[in-house]
Amino acid sequence: MRHPDAPAPGELLGAHYGQCFGCGDGQPHGLQLEARAGDGVSVTAEFTVRTAHQGAPGLAHGGVLATALDETLGSLNWLLRVIAVTGRLETDYLLPVPVDTVLYLEAEVTAVSGRKIYSTATGRIGGPDGPVAVRADAVFIEVKVDHFIENGRPEEIKAAMNDPDQIRRVRAFEVNP
C-alpha cells in the first residue's frame, strides 16, 4: 500500500542522489531520469537517449535501457517509504531504441511480501501510449541504511551523511547502491 506520507500523484520525485547515474544531475553522461508519482503505488518517468548512451551505432545500449528500467522501478520505493535495493531485474528487449528517442516509462508495485517488493515496468517509444520497446520485472529487497554505510566508499558515505539538507541526506540512501 502507498505510504500516507508518499508524494502526491503527479509530484516530481527528484534525484535521490546527485551522483546517481540514473537520476542524478551531477552525472553529465547519466540518464538524468525524472520520475513522477502516479496513482496507487506507481510512477512514470522519461529520459532522452543521447549519443553517450549508444551501444550499436545510433541505438541505445541495452545496459542503459536496463538502467532506466531499474531506476524507474527503484523510484517506487519512495512511495512505500522504504530503503530497498535491486535483488533481481529481468529485462525483455522488444524494439530497438534510436538515439534522440524519448523513452516513456511506467512502473508499479505488484506485491509486497516481507522484505521483498515485486514490481513491473515498461518503456515505450513515440509517447506514453506508443509501442513497448523494453519491459522488466524486478524484486527489490528492503534494507537498513547500514547496508550502504558498510558497503559504500567511505568518502561518498561521509559526504552524504554530512549533508546539511536532511531530505537530501535521507534520500541518498533510498534506492540501489
Side-chain angles (χ1 to χ4, degrees), residues 1-27 30-47 62-92 103-123 134-163 165-177:
M1 301 245 343
R2 184 188 189 99
H3 192 279
D5 295 330
E11 188 174 328
L12 183 65
L13 300 181
H16 73 95
Y17 178 53
Q19 293 300 313
C20 175
F21 181 80
C23 66
D25 57 7
Q27 290 288 341
L31 306 185
Q32 299 174 0
L33 187 136
E34 293 186 341
R36 290 191 179 277
D39 294 325
V41 188
S42 70
V43 297
T44 60
E46 60 183 63
F47 90 98
V64 168
L65 297 175
T67 300
L69 290 162
D70 186 45
E71 187 68 33
T72 304
L73 289 157
S75 296
L76 291 165
N77 299 316
W78 183 242
L79 302 180
L80 299 173
R81 300 297 296 258
V82 299
I83 300 170
V85 297
T86 308
R88 179 181 62 84
L89 179 68
E90 183 177 329
T91 306
D92 297 314
L103 191 64
Y104 297 87
L105 300 135
E106 297 176 331
E108 68 179 339
V109 170
T110 57
V112 176
S113 178
R115 293 177 46 226
K116 294 182 179 179
I117 302 160
Y118 298 87
S119 51
T120 190
T122 58
V134 292
R135 64 180 174 222
D137 293 309
V139 178
F140 281 77
I141 309 298
E142 185 176 351
V143 298
K144 302 295 181 203
V145 74
D146 292 349
H147 168 85
F148 301 95
I149 294 169
E150 294 167 3
N151 297 291
R153 194 164 70 169
E155 297 83 25
E156 279 86 357
I157 297 298
K158 184 177 179 182
M161 296 292 279
N162 291 333
D163 190 327
D165 183 320
Q166 182 179 4
I167 293 172
R168 256 195 335 246
R169 186 170 59 240
V170 170
R171 290 198 68 188
F173 300 102
E174 72 185 17
V175 296
N176 356 334

Enquirer: Check whether any side-chain N or O of Arg88 sits under 3.5 Å from a backbone N or O of Ala138 as a donor-acceptor pair, and report yes or no.
Expert: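 Pair absent, no side-chain N/O of Arg88 close to backbone of Ala138.
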Enquirer: Between atom OG1 of Thr122 and atom CG of Leu103, what is the distance when rounded to the nearest 0.5 Å?
Expert: 9.0 Å
Enquirer: Looking only at heavy atoms, what is the nearest atom pair of Tyr118 and Lys116, with distance?
Expert: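 Of all heavy-atom pairs spanning Tyr118 and Lys116, the closest is OH-CD, 3.3 Å.
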Enquirer: Taking Ser119 as the fixed residue, which of Val43, Leu76, Leu69 is the one that meets the side-chain contact (heavy atoms from CB on, under 4.5 Å) rule?
Expert: Leu76
Enquirer: For Ala107 and Ala121, which heavy atoms make the closest approach, and how far apart are they?
Expert: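 Where Ala107 meets Ala121 most closely, the heavy atoms are CB-CB, 3.8 Å.
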Enquirer: The criterion is salt bridge (Lys or Arg N to Asp or Glu O under 4.0 Å); which residues satisfy it with Glu34, sequence neighbours excluded?
Expert: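 None.
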Enquirer: With side chain to side chain contact (heavy atoms under 4.5 Å, CB included) as the criterion, how do His3 and Leu80 come out once you've worked through the C-alpha distance, each side chain's angles and the decisive distance to 0.1 Å?
Expert: CA-CA 5 Å; His3 192 279; Leu80 299 173; 5.6 Å; no
Enquirer: Closest approach of Arg36 and Gly10, non-hydrogen atoms and distance?
Expert: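 For Arg36 and Gly10, the tightest heavy-atom pair comes out as NH1-O, 2.9 Å.
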Enquirer: Applying the side-chain contact (heavy atoms from CB on, under 4.5 Å) criterion to Val41, which one of Leu79, Val112, Thr110 satisfies it?
Expert: Leu79
Enquirer: Between Thr91 and Leu89, is a side chain to side chain contact (heavy atoms under 4.5 Å, CB included) present by the stated rule, with each step listed?
Expert: CA-CA 6 Å; Thr91 306; Leu89 179 68; 3.7 Å; yes
Enquirer: In Å, rounded to the nearest 0.5 Å, how long is the span from OG1 of Thr72 to CD of Glu46?
Expert: 10.5 Å
Enquirer: Please assess Phe140 against Leu73 for the test side chain to side chain contact (heavy atoms under 4.5 Å, CB included), listing each intermediate value before the final yes or no.
Expert: CA-CA 9 Å; Phe140 281 77; Leu73 289 157; 3.6 Å; yes
Enquirer: Looking at every non-hydrogen atom in both residues, tell me the closest pair between Ala6 and Arg81 and how far apart they are.
Expert: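 Smallest heavy-atom distance, with atoms named: N-NH1, 4.3 Å.
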Enquirer: Tell me, please, which residues at least two apart from Asp92 pass salt bridge (Lys or Arg N to Asp or Glu O under 4.0 Å).
Expert: Arg135
Enquirer: What is the minimum heavy-atom distance between Leu33 and Ala68, and which atoms define it?
Expert: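 What the structure gives for the nearest pair is CD1-O, 3.8 Å.
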Enquirer: How many angstroms lie between CD in Glu142 and CD1 in Ile117, if you round to the nearest 0.5 Å?
Expert: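 Nearest 0.5 Å value for the CD-CD1 distance: 6.0 Å.
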Enquirer: Taking atom CZ of Phe47 and atom OG1 of Thr67, what is their separation to the nearest 0.5 Å?
Expert: 8.5 Å
Enquirer: Please give me the minimum heavy-atom distance between Ala35 and Ala45, naming the atom from each residue.
Expert: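 Minimum heavy-atom contact is CA-CB, 3.8 Å.
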Enquirer: Using the test salt bridge (Lys or Arg N to Asp or Glu O under 4.0 Å), find all partners of Arg2 that sit at least two apart in sequence or belong to another chain.
Expert: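 By the salt bridge (Lys or Arg N to Asp or Glu O under 4.0 Å) rule, Arg2 matches no residue at all.
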